[in-house]
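The structure appears below as structure tokens.
Excluded from the calculations below are hydrogen atoms, water molecules and symmetry mates; all remaining heavy atoms, backbone and side chain alike, are included.
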Amino acid sequence: MWLSQALLLLILAGYSIATEITGPTTVNGLEWGSLTVQCAYGSGWETYLKWWCRGADWNGCNILVRTNGSEQEVKKNRVSIRDNQKNRIFTVTMENLKRDDADSYWCGIEKTGIDLGVNVQVTIKPDTQTPVLEWTTATASLAFTPAATQKTSSPLSRSLLSSTHFLFLLLLELPLLLGMLGAVLWVNRPQRRS
């Protein structure tokens with residue numbers, strides 16, 4: 001009998017936590033990209049601190065970022081949080097995602113006693129595009145840029161100097177063509193008669 005009462009108490013406690021704060025059960029992100037999670041809460045919790053926590057264990061999760069009680073965005077490392085108290089939604093953004101960011105996270109509200117929270121599973125899909133090497137003229141260096149972070153553009157709007165074929169033409173084919181042209185002009189030059 002006591003086991004069924006304890007189980008009922010756990011179910012009711014979980015129910016009250018779930019009705020005070022809600023969020024998505026799973027969120028997907030792309031490696032090197034970003035993802036956004038929105039968690040909603042009930043009336044009366046507007047001025048309470050909201051937080052984003054990592055780890056499957058509710059009691060042992062690591063709080064990555066928390067609000068300061070206002071609607072100002074708070075950013076810590078690659079994670080930011082902003083509370084919209086009028087709409088009772090707080091938004092968490094994770095940037096520059098890595099594969100090992102995939103984990104169990106919690107949207108939470110800090111309160112006296114046990115905090116309120118809802119679990120969110122974050123999965124990170126690998127970037128299937130190949131990385132790109134870019135030549136930076138300002139620093140005269142090559143920079144590694146993951147393909148997912150590049151701005152997409154049409155072939156016509158890309159810079160001609162960034163085209164691999166153009167660089168190949170400029171550095172290898174053009175000197176060869178100029179050399180052959182010079183040889184033809186030299187052979188066909190007018191001869192002086194003495």
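Taking hydrophobic clusters as Ile, Leu, Val, Met, Phe, Trp and Tyr residues chained together by side-chain heavy-atom distances below 4.5 Å, Ile89 does not share a cluster with Trp106. If you chain together hydrophobic residues whose side chains sit under 4.5 Å apart, Leu49 and Ile109 never meet in one group. Under a hydrophobic-cluster definition in which Ile, Leu, Val, Met, Phe, Trp and Tyr are linked whenever side-chain heavy atoms come within less than 4.5 Å, directly or via other members, Phe90 and Val65 are assigned to the same cluster.
For the pair Gln85 (side chain) and Glu46 (backbone), a donor-acceptor distance under 3.5 Å is present. Arg78 places a side-chain N or O within donor-acceptor distance of the main-chain N or O of Glu95, the cut-off being under 3.5 Å. In this structure a side-chain-to-backbone donor-acceptor pair under 3.5 Å is missing from Glu31 to Pro126. Asn84 places a side-chain N or O within 3.5 Å of a backbone atom of Lys86 that can act as its donor or acceptor partner. At least one donor-acceptor pair under 3.5 Å links the side chain of Thr67 to the backbone N or O of Lys50.
For the side chain to side chain contact (heavy atoms under 4.5 Å, CB included) test with Leu35, the passing option among Val122, Asp101, Asn28 is Val122; the others fail. Trp52 pairs in a side chain to side chain contact (heavy atoms under 4.5 Å, CB included) with only one of the listed residues (Thr91, Leu64, Val74), which is Leu64.
To the nearest 0.5 Å, atoms CD1 (Ile124) and NZ (Lys98) are separated by 11.5 Å. Taking CG of Asn119 as the reference point, atom OG1 of Thr25 lies at 9.0 Å (rounded to 0.5 Å). To the nearest 0.5 Å, atom CD1 of residue Ile81 and atom CE of residue Met94 are 12.0 Å apart. Between the OG1 atom of Thr36 and the CZ atom of Arg82 there is a distance of 11.5 Å, given to the nearest 0.5 Å. Between Asp127 atom CG and Leu97 atom CG the span is 11.0 Å, to the nearest 0.5 Å. Note that the CD atom of Glu73 and the CG atom of Asn68 stand 11.0 Å from one another [nearest 0.5 Å].
Residues Tyr105 and Val92 have side chains not in contact (no heavy-atom distance under 4.5 Å, counting atoms from C-beta outward). Within the 4.5 Å cutoff, side-chain heavy atoms of Leu116 are placed close to those of Trp45. When side chains are defined from C-beta on, Thr22 does not count as touching Val118, because their heavy atoms never get closer than 4.5 Å. Counting only heavy atoms from C-beta outward, the side chains of Trp58 and Asp115 approach each other to under 4.5 Å.
Looking at every heavy atom in both residues, Cys39 comes nearest to Gly23 through SG-CA, 4.2 Å. Taking both residues in full, the closest heavy atoms of Ser104 and Gln121 are given as OG-OE1, 2.9 Å, listed atom of the first, atom of the second, then distance.
Using a 4.0 Å cut-off between charged side-chain N and carboxylate O, Lys111 and Glu20 make no salt bridge.
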